[in-house]
Amino acid sequence: MSDDESQEQTIAEDLVVTKYKMGGDIANRVLKMLVDAARVDVSVVSLCEKGDEMIMEETGKIFKKEKDMKKGIAFPTCISVNNCVCHYSPLKSDPDYVLKEDDLVKIDLGVHVDGFIANVAHSFILGVSKDNPVSGRKADVIKAAHYCAEAALRLVKPGNQNTQVTEAWNKIAQSFNCTPIEGMLSHQLKQHVIDGEKTIIQNPTDQQKKDHEKTAFEVHEVYAVDVLISTGEGKAKDAGQRTTVYKRDPTQQYGLKMKTSRAFFSEVERRFDAMPFTLRAFEDEKKARMGVMECAKHELLQPFNVLYEKEGEFVAQFKFTVLLMPNGPMRITSGIFENELYKSELDIKDPDLKALIQSSVSRRNQKRRKKKKVASQGGLPATTGSTNEENETGD
């Protein structure tokens, strides 16, 4: 491991890009399966279990000869509904949530191949169709979050500053009378590291503005860009729901006193290393619930608390993983967004941001268009996913 650390592997190497893309492909397929499986009267626990099972199944099929290579879940499946902001991934012993017609559903998950992480999150309304599009505040918040993600895809590129993304998100959200969730971070990704030091902050408080480090994006960096937008004030609070997702903090050390805690922590180190995990992944849930308490109390584990916006508000989330290749950004994860399903009376007011979102992502494609003098496409496509145009950008 020390040799790996001294010579950090980046996307300058083709094999690393391949591993990211393989993880991204699995993440996209798991997300699609979950979107299709999310129906009225389906339980959230069952969906979370299905998502995690498919990640383990699919990652088990690749690099079979590399016996020592770690691969699997980089972030356990979380399904947060309506005003629940994030990290809802209940245990079997917890009260379950059953999906209802018109729920705003957010699916969040991550896959890693040899520690190279592909995260994705997607939002949609249950029961929406071309014949039954959604309007009102749910449409406003989903469109705001989608356009924030599209703006970030065009702004997270070498030479640009993280503050440019933060400012764009504030302007876009305001156009839809919405608010980015305060203080949420998008992280740089590195091998085995889901929370790299470079970050993009959403809607920072005055104090966070002072403390948050301004930084420029660079070639060969990777980011998980996470957009969370609310119809409300954008303040996420812990409402006392049981935390089920944790990750080991490799910088902390403590001699655990309880035998149950030691056995639990030893299993965490062996199975998950420094990746986030869910207590649902343990065979004996009761022992896991006991073991986690001492570990969390002494900060060996970091909790991913279940957060909520005010009752009656709605929160939408879109997350994608992007590789900053020398010839343009390569988005390796995203869900399929169908613009025509969401009818908002509001739109982006800033002409520069509007033009930015309508611009092509691929620099190579832009050069081709100039050479051929082909007119720009204009407008967003009805469906955005990991398109050929984006994938062409990443040799």
Side-chain angles (χ1 to χ4, degrees), residues 23 26-27 29-31 33-39 41-60 70-81 84-99 103 105-112 117-122 194-195 238-249 258 260-297 300-308 317 319:
I26 292 169
R29 283 190 283 124
V30 175
L31 175 63
M33 179 276 290
L34 289 169
V35 171
D36 293 343
R39 304 276 169 89
D41 294 333
V42 170
S43 96
V44 164
V45 168
S46 71
L47 289 173
C48 290
E49 286 178 334
K50 267 186 185 169
D52 290 352
E53 277 167 22
M54 186 172 168
I55 293 172
M56 293 308 292
E57 213 172 276
E58 294 302 310
T59 52
K70 293 202 171 181
K71 50 193 193 290
I73 296 167
F75 200 85
T77 307
C78 296
I79 297 180
S80 308
V81 180
C84 181
V85 177
C86 54
H87 306 151
Y88 187 68
S89 190
L91 308 180
K92 282 179 181 169
S93 57
D94 287 335
D96 199 0
Y97 181 87
V98 173
L99 296 178
D103 273 346
V105 181
K106 298 173 285 294
I107 299 174
D108 184 8
L109 58 93
V111 176
H112 81 94
I117 299 160
N119 287 334
V120 69
H122 187 69
I194 203 163
D195 51 358
D238 187 335
Q241 184 85 34
R242 184 206 302 281
T243 300
T244 61
V245 179
Y246 292 86
K247 96 176 245 312
R248 188 169 70 84
D249 184 345
M258 288 170 59
T260 316
S261 308
R262 290 197 298 274
F264 168 79
F265 190 67
S266 166
E267 191 174 340
V268 168
E269 288 184 303
R270 180 173 51 81
R271 288 176 62 195
F272 308 109
D273 196 18
M275 294 290 175
F277 62 90
T278 167
L279 298 182
R280 215 176 35 251
F282 291 80
E283 207 171 317
D284 190 330
E285 199 181 275
K286 193 178 175 186
K287 278 187 179 171
R289 289 203 320 262
M290 285 170 61
V292 77
M293 289 169 73
E294 191 184 2
C295 298
K297 185 183 174 185
L300 292 176
L301 297 177
Q302 296 172 347
F304 289 81
N305 295 334
V306 185
L307 300 175
Y308 287 85
Q317 178 186 27
K319 185 193 295 185

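- Side-chain atoms of H87 and Q241, non-hydrogen and from C-beta on, never get closer than 4.5 Å to each other.
- The closest donor-acceptor contact from the side chain of D273 to the backbone of M275 lies at 3.5 Å or more, if one exists at all.
- Once rounded to the nearest 0.5 Å, the distance linking OG1 of T77 with CD1 of I107 reads 8.5 Å.
- Within the 3.5 Å criterion, the main-chain N or O of Q302 finds no donor-acceptor partner in the side chain of K247.
- A 6.0 Å sphere centred on CE of M293 holds no more than 12 heavy atoms belonging to other residues, nucleotides or ligands.
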Exercise. Can you check side chain to side chain contact (heavy atoms under 4.5 Å, CB included) on L47 and L99, steps first, answer last?
Worked result: CA-CA 10 Å; L47 289 173; L99 296 178; 3.7 Å; yes
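- A pairwise comparison of heavy atoms in R280 and P90 identifies NH1-O, 2.9 Å as the closest pair.
- Closest of all the heavy-atom pairs between V42 and A37 is CG2-O, 3.8 Å.
- Inter-residue side-chain proximity for S80 and D108 is flagged as unmet; no heavy-atom pair is nearer than 4.5 Å.
- Partner of M54 under the side-chain contact (heavy atoms from CB on, under 4.5 Å) criterion, out of K50, E58, M56: E58 alone.
- Here Y97 and Y88 keep their ring centres 6.0 angstrom or further from each other.
- Looking at heavy atoms from C-beta onward, L300 lies out of side-chain contact with Y246 at the 4.5 angstrom threshold.
- No more than 12 heavy atoms of other residues, nucleotides or ligands sit less than 6.0 Å from atom NZ of K287.
- Within the 3.5 Å criterion, the main-chain N or O of P76 finds no donor-acceptor partner in the side chain of D52.
- More than 12 heavy atoms of other residues, nucleotides or ligands lie within 6.0 Å of CE in M33, so this atom counts as buried by the packing criterion.
- In this structure the side chain of I73 never reaches within 4.5 angstrom of the side chain of T278, judged on heavy atoms.
- The CG atom of L91 sits 10.5 Å away from the CG atom of D96 when rounded to the nearest 0.5 Å.
- To the nearest 0.5 Å, the span separating CG on L279 from CG on L301 amounts to 9.0 Å.
- In this structure, the side chain of T243 does not engage the main chain of F304 through any donor-acceptor pair within 3.5 Å.
- Atom-to-atom distance recorded for F264:CZ and E294:CD is 11.5 Å, nearest 0.5 angstrom.
- The distance from atom NZ of K106 to atom SG of C84, rounded to the nearest 0.5 Å, is 6.5 Å.
- Across all non-hydrogen atoms, the minimal contact from C78 to S89 is SG-CB, 3.8 Å.
- Considering only heavy atoms from C-beta on, D238 comes within 4.5 Å of L307 through its side chain.
- At distances below 3.5 Å, not a single donor-acceptor pair connects side-chain atoms of R271 with backbone N or O atoms of F277.
- No side-chain donor-acceptor contact under 3.5 Å links Q317 to the backbone of C86.
- Pairing each heavy atom of R248 with each of E269, the nearest pair is CD-CG, 3.7 Å.
- Rounded to the nearest 0.5 Å, atoms CG (N305) and OG1 (T244) are 10.0 Å apart.
- Side-chain contact between N119 and I194 is present, with at least one heavy-atom pair separated by less than 4.5 Å.
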